[in-house]
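Shown next, in structure tokens, is the structure this report addresses.
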Amino acid sequence: MTYLVRDKIFAIGDDYWIDDEHGRHAFLVDGKALRLRDTLELKDPDGYVLVTLRQKLLSLRGEMTIERGGTELATIRRKRLSLLRNHYRVTLADGTELDVSGRILDREFAIEYEGELLAHISRRWLTVRDTYGVDVVREEADAALLIAVAVCVIRMAEKEREEG
């Protein structure tokens, strides 16, 4: 299933829908206004919060967390940088690690678990401006988590570019 995500989702107070490949509303993005740090909620169509994305304030390396039900589900950190590709590591609460690599700023990257593709992020096949696709490859994968990971690494890469 492919989900269409608008590119600039961290605007303060910005709410919008992420649609599935059939044009149906799949997730509501709720950009929380008046917060000291970046906070974003991903909700189901009925308004139930599935995951919350937060920028860690006092992190030396730039970290974001994904929470579910008030409990930390995943932490995302930059792994290493090469000239052409960015690498991030996602550590889930149970210790499982996902690798994110590719050209993050170009919106061409993959999320993998032990070499197996979980999701491919690309804007290459889309004609909608300022939108990229998150193609969740595995049917049983947690789409909300994978979309949240994509959003976090893009946000982190953009901040690194601004600070660098």
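Values below: every heavy atom of this structure, side chains too, minus hydrogens, waters and symmetry copies. Index from 1, following the sequence.
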If you group Ile, Leu, Val, Met, Phe, Trp and Tyr by side-chain heavy-atom gaps below 4.5 Å, do L42 and M1 land in one group?
yes

Path from Y16 to I154 over hydrophobic side-chain contacts below 4.5 Å
yes

I need the minimum non-hydrogen distance between P45 and A26, along with the two atoms involved.
CD-O, 3.3 Å

Over all heavy atoms of both residues, which pair between A148 and L53 is shortest? Give the atoms and the distance, please.
O-CD2, 3.7 Å

I18 with V49, same ILVMFWY side-chain cluster at under 4.5 Å
no

Polar contact flag, side-chain donor to acceptor under 3.5 angstrom, D94-T96:
yes

Checking R78, R89, R77 against E63 for salt bridge (Lys or Arg N to Asp or Glu O under 4.0 Å), the one that qualifies is R77

Rounded to the nearest 0.5 Å, how far does CZ of R24 lie from NE2 of H22?
5.0 Å

Measuring only between side-chain heavy atoms, which start at C-beta, is V90 closer than 4.5 Å to Y88?
no

Heavy atoms, side chains only, cut-off 4.5 Å: are L40 and D30 in contact?
no

Do L50 and L28 belong to the same hydrophobic cluster, where Ile, Leu, Val, Met, Phe, Trp and Tyr are linked whenever their side-chain heavy atoms lie under 4.5 Å apart, directly or via other members?
no

How long is the straight-line distance from CG of D106 back to CD1 of I121, given to the nearest 0.5 Å?
13.5 Å

What distance do D135 atom CG and L4 atom CG have between them, rounded to the nearest 0.5 Å?
10.5 Å

Between T75 and E72, which heavy-atom pair has the shortest distance, and what is it?
OG1-OE2, 2.6 Å

Only distances under 3.5 Å count here; give the side-chain donor-acceptor pairs of residues 138-147 to other protein atoms, sequence neighbours excluded, each with its distance to 0.1 Å.
| unit_1 | atom_1 | unit_2 | atom_2 | d |
| --- | --- | --- | --- | --- |
| R138 | NE | E116 | OE2 | 3.4 |
| R138 | NE | E140 | OE2 | 2.7 |
| R138 | NH1 | E116 | OE1 | 3.4 |
| R138 | NH1 | E116 | OE2 | 3.2 |
| R138 | NH2 | E140 | OE2 | 2.2 |
| D142 | OD1 | R68 | NH2 | 3.4 |
| D142 | OD1 | A144 | N | 3.3 |
| D142 | OD1 | L145 | N | 3.1 |
| D142 | OD2 | R68 | NH1 | 3.0 |
| D142 | OD2 | R68 | NH2 | 2.8 |

Could you tell me which residues satisfy ring-ring contact (aromatic ring centres under 6.0 Å, His included) with F27, sequence neighbours excluded, listed by chain and number?
Y3

How close do A157 and I104 get, heavy atom to heavy atom, and via which atoms?
CB-CG2, 3.6 Å

Going from CD on E97 to CD on E112, what distance comes out if it is rounded to the nearest 0.5 angstrom?
14.0 Å

Looking only at heavy atoms, which two atoms of A110 and L117 are closest? And how far apart?
CB-CD1, 3.6 Å

Residues E67, L73; criterion side chain to side chain contact (heavy atoms under 4.5 Å, CB included); working and verdict
CA-CA 5 Å; E67 299 171 4; L73 178 63; 5.9 Å; no

What distance do R123 atom CZ and T131 atom OG1 have between them, rounded to the nearest 0.5 Å?
8.5 Å

Is it true that L92 and V136 fall in one hydrophobic cluster, defined by side-chain heavy atoms closer than 4.5 Å?
yes

When you look at L105 and E158, which way does the side chain to side chain contact (heavy atoms under 4.5 Å, CB included) test go after all the steps?
CA-CA 7 Å; L105 294 173; E158 287 176 344; 3.7 Å; yes

According to side-chain contact (heavy atoms from CB on, under 4.5 Å), who are the partners of D46, at least two apart in sequence or on a separate chain?
D44

Rounded to the nearest 0.5 Å, how far does OG of S122 lie from OH of Y132?
12.0 Å

